[in-house]
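Treat the numbers as computed from the prediction; the structure is a model and nothing was measured.
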Amino acid sequence: MREGPGHPPAEHPEPPRRPSGSLEAEVLAVLRAARTKLTPGQVRERLDARQRGELAYSTVVTIMSRLHDKGLLARERAGRGFAYTPVDDASLAAGQMNRALDGGADHDAVLTRFVSGLSGRDARLLRQLLDAGEGGG
């Protein structure tokens, strides 16, 4: 094996690459376990404690930004950066429903199909929520 520029020394082999999406899953697991807001630096420290080798801070920031863009993380200002928390399942589902309504070519048809597929129990709950919303707002 050759050494030099472009060729790592034999005694320091490259760590195996993670499967696609596994780092995102690890970041989400760290945030869920924390049960509090974490900065990318705090997530990086916890990831490094779980594994051999260190991740670059910029890698963790990129992963967390992508998860935020996908709607999986909420964030708020923390100094010059952000602190992140995982989005709860109900908020994720509501966001998906909103995107489906907003992205549908025929908004009325999408909403009609959704409502027509509700169980009797869910339809009653939706009616109660709509009635409460009209009275309160």
Decide yes or no for [X] and [Y]: does some side-chain heavy atom of the first lie under 4.5 Å from some side-chain heavy atom of the second?
{"X": "R127", "Y": "D131", "value": "yes"}
{"X": "F82", "Y": "P40", "value": "no"}
{"X": "H107", "Y": "V110", "value": "no"}
{"X": "L23", "Y": "L47", "value": "yes"}
{"X": "M64", "Y": "L31", "value": "yes"}

Minimal non-hydrogen separation, [X] against [Y], with atom names:
{"X": "R44", "Y": "V60", "value": "CB-CG2, 3.9 Å"}
{"X": "V115", "Y": "L126", "value": "CG2-CD2, 4.3 Å"}
{"X": "D108", "Y": "T112", "value": "O-OG1, 2.7 Å"}
{"X": "A34", "Y": "R46", "value": "CB-NH1, 3.4 Å"}
{"X": "R32", "Y": "P86", "value": "CG-CG, 3.8 Å"}

side-chain hydrogen bond (donor to acceptor under 3.5 Å, both in side chains) against T85, all qualifying residues, sequence neighbours excluded: none

With a 3.5 Å distance limit and no angle check, can you tell me whether E45 reaches the backbone of Q42 through a side-chain donor-acceptor pair? no

Say whether, by atom type as modelled, one donor and one acceptor occur between the side chain of R77 and the main chain of R80 under 3.5 angstrom. yes

Can you measure from [atom1] ([X]) to [atom2] ([Y]) and round to the nearest 0.5 angstrom?
{"X": "Y84", "Y": "L28", "atom1": "OH", "atom2": "CG", "answer": "12.5 Å"}
{"X": "L101", "Y": "D106", "atom1": "CG", "atom2": "CG", "answer": "11.0 Å"}
{"X": "K37", "Y": "E76", "atom1": "NZ", "atom2": "CD", "answer": "3.5 Å"}
{"X": "L72", "Y": "S91", "atom1": "CG", "atom2": "OG", "answer": "11.5 Å"}
{"X": "I63", "Y": "E26", "atom1": "CD1", "atom2": "CD", "answer": "9.5 Å"}
{"X": "R66", "Y": "L73", "atom1": "CZ", "atom2": "CG", "answer": "13.0 Å"}

Going only through I, L, V, M, F, W and Y residues with side-chain contacts under 4.5 Å, is there a path from L130 to M97?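 Linked within one cluster.
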
Honestly curious: do Y57 and V27 fall in one hydrophobic cluster under the side-chain, below-4.5 Å linking rule? no

Stepwise side chain to side chain contact (heavy atoms under 4.5 Å, CB included) check, Q128 with L125: CA-CA 5 Å; Q128 289 171 351; L125 176 58; 4.0 Å; yes

